[in-house]
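Since the structure is predicted, the reported quantities are computational estimates derived from the model, not experimental observations. Within every chain, numbering begins at 1; the chains are lettered A, B, ... in the order of the sequence lines, protein sequences first and strands thereafter.
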Number of protein chains: 2
Amino acid sequence: MANILDVAKLAGVSSTTAKRALRTPELLHPATLEKVMRAVEALHYEADQRAGALRGGQGRAVGLVVGSIVEPFFAELARAIGQTLRKAGYSLIISENEYSSELDLQELRLMYGQRISAVIVRPGYGEHSREYLMRLQERGVFIVEVDYHLPEAPFNAVMLNHAECVRMGVRHLHSMGHHRIAALGTYDPILHPELRSKTFPHAMTELGLNVPIEYQSVGLLNEQTAYITTHRLMLLPEPPTALFALSGTQAVGAYHALRELNLIIPRDISLLTFDNYPWMGLVNPPIDSIEQPIQAMGEAAAKMVIDALDRKYTSNADEANTSSELLLNPYLEFSGRLIVRGSCAAPQKEPILTRSSAHRSKS
Amino acid sequence: MANILDVAKLAGVSSTTAKRALRTPELLHPATLEKVMRAVEALHYEADQRAGALRGGQGRAVGLVVGSIVEPFFAELARAIGQTLRKAGYSLIISENEYSSELDLQELRLMYGQRISAVIVRPGYGEHSREYLMRLQERGVFIVEVDYHLPEAPFNAVMLNHAECVRMGVRHLHSMGHHRIAALGTYDPILHPELRSKTFPHAMTELGLNVPIEYQSVGLLNEQTAYITTHRLMLLPEPPTALFALSGTQAVGAYHALRELNLIIPRDISLLTFDNYPWMGLVNPPIDSIEQPIQAMGEAAAKMVIDALDRKYTSNADEANTSSELLLNPYLEFSGRLIVRGSCAAPQKEPILTRSSAHRSKS
DNA sequence: TTGTAAGCGTTATCAT
DNA sequence: ATGATAACGCTTACAA
């Protein structure tokens, strides 16, 4: 309720001096400083960031749009980003786009209503939000993409090295003798335009393996789809000997399906997955997984934002960018780590599961 | 970049008229409306919510402080709250307090810098934030507590009926013949002042059971503590026959410990837990749990906020509260649901585990 | 049906 | 070392 003028009045100084007591105390006469601070305490004064930002200054709110906050990957990412940002005095406005660019657009609009000065976004699939993001950037909003990069978009980005991770996973399975490997999710430019499923067939080809047409299935990367796909795959005449889940959520669906089919991991089927979620160490055997450096990625994205806003605030007249590492490195890539725990093993010589035996064991 | 004046200028009208085109189009001459809308489109005008709020109007930002966003309970809660709030046009500022009231205070201050018009908070343990919350309320910020209620605090709240849930859990175990039941976490007015551990001994007493002193251990409700506590409990001369985890996170620690001790669930030990997390249906056997209606609780909290802000905005002159359900119901309680899946069974006649056998099996 | 003008809390600029 | 003032973009009386 109390504003800087109230403080000034109570301290018997001008608003300018009052504010200086808080921002540049060294410029003030100690006695004046003392008076003002006393008034601040008495009135419990707390600055209104909005008013300051309105005046043309630095906005202290940053937006974050994730795919889904209940996805542990994004929860952890949000935590890292939030902690880093808040430590620097920024507030975090969070929202979800459910991987759709239509929702993206909505959420970004709402955020821009608050005049966020930067936004970290996992873009949704589709073209609906691209133009708006560009407009935001023109208007001075600093944009950072995380996890997924819109094709040919001119934004800064913090990414996992998806392609390399897929190759690492495929090599892992291949080195154990697997030839019939299925990824849970097939690339599709519209429905599923992400890099992991896009890389998978190439990674296979590079090792002299191929992906049979019946192993392919386009779909979203949710649990339900993974569950259905796994069922379908394992009931094929020639089922895969190894399954590669492209996200932790897919792994949940796949695991459920394998349990229902009474398949023993890794005897009957090997399972490898992206993301290292807590339950994967809990089940028996624990699941091999490709872990992302989420904490580091979140911090990197947040620091990008902080640096950019600092720079903007500092070098207004200074046209040339003074050896800014980040402007030269707008696309940061992080490596994943393969965690081997026992859910992958050499395939059996003969397929252990035929269509009929699977049906029998289903009860 | 473009503001309402730019729009007005381009349309050849005043700023008032321009704004009316967006807020109360029915009051305008169709031709004028048309002109203005054309200008809005051309300039991609989007209102600055902060400026409006500054003028004294409705603030469009709401704060949410959770214990930890990586905790699935809070992630789901945040999702429900966020969705409901955003649908009503509010932006959500999120932050975490790690269950500590010192951090609470920090985070709330930061949020108030953005002049959030309401805050939904899972208060941290301790007294550091209470006074500040009261001050916020005096200043017109609408406060809703969730999950945990500060003792004797005058705030609205959305709660699980913790006590009833604990009783339900204890009854469940008792009905199967368990007498030696241990809760993972013992009440302590300072360190662990929450309702579940507080209720547990009472629930036991009500059934004629008692909680031996060696089953008690004060500590925070994290995974690590639960892990250690479980180890300790199971190596007692008279170990419990049933474990009651007071949160999903505790269950993770307990489960790990039980696996390490080579104890078979439910043959050697029964396990019951609060929170229904995905992995609990994945392991074998799946875990009995007490599920919270998170979605409903989140929606309720968000609606409380929306209603309160609507009311505030509407009835400025209207002193009397017009049959407002919510003012009469500032403390909403929700019931949990017991999900029985197989991790609880009748206890064995003789304790299956002695100190020495446990040690032997530890390798 | 449309327009004018004051003011919200802050800060940058220009005095003193 | 301190102060006066205008401006940020919007809303809301109050006019016309």
key: Salt-bridge criterion met for A:Arg139 and B:Glu46 (N-O under 4.0 Å)   = yes
A:His149/A:Phe155 aromatic ring centres below 6.0 Å = no
note = Rounded to whole Å, the CZ-P distance (B:Arg50 to C:dG9) equals 16 Å
ask   = Rounded to whole angstrom units, what separation is found between the NZ atom of A:Lys9 and the C1' atom of D:dG3?
value = 15 Å
Under 4.0 Å protein heavy-atom contacts per nucleotide of nucleotides 11-16 of chain C, with B for base, S for backbone only and - for none = BS----
message = List the residues meeting ring pair (Phe, Tyr, Trp, His ring centres under 6.0 Å) with A:Tyr148, not counting sequence neighbours, and say none if there are none.
response = A:Tyr125
inquiry  = Among C:dG9, C:dT4, D:dC10, which nucleotide has an atom closest to any side-chain atom of B:Ser14?
reply    = C:dT4
key: Ionic contact status for B:Arg79 with A:Glu96, cut-off 4.0 Å   = yes
note = In numerical order, the residues of residues 25-33 of chain A whose heavy atoms come under 4.0 Å of DNA chain C are none
key: d(CZ, B:Arg115; P, C:dT10) in whole Å   = 7 Å
request  = May I ask you to verify if any side-chain N or O of B:Thr17 is less than 4.0 angstrom from the OP1 or OP2 atom of C:dG3?
outcome  = yes
ask   = Can you tell me if CD on B:Glu26 sees more than 12 non-hydrogen neighbours from other groups inside 6.0 Å?
value = yes
query = Expressed in angstrom and rounded to an integer, what is the separation of B:Leu5 atom CG from C:dG3 atom P?
reply = 12 Å
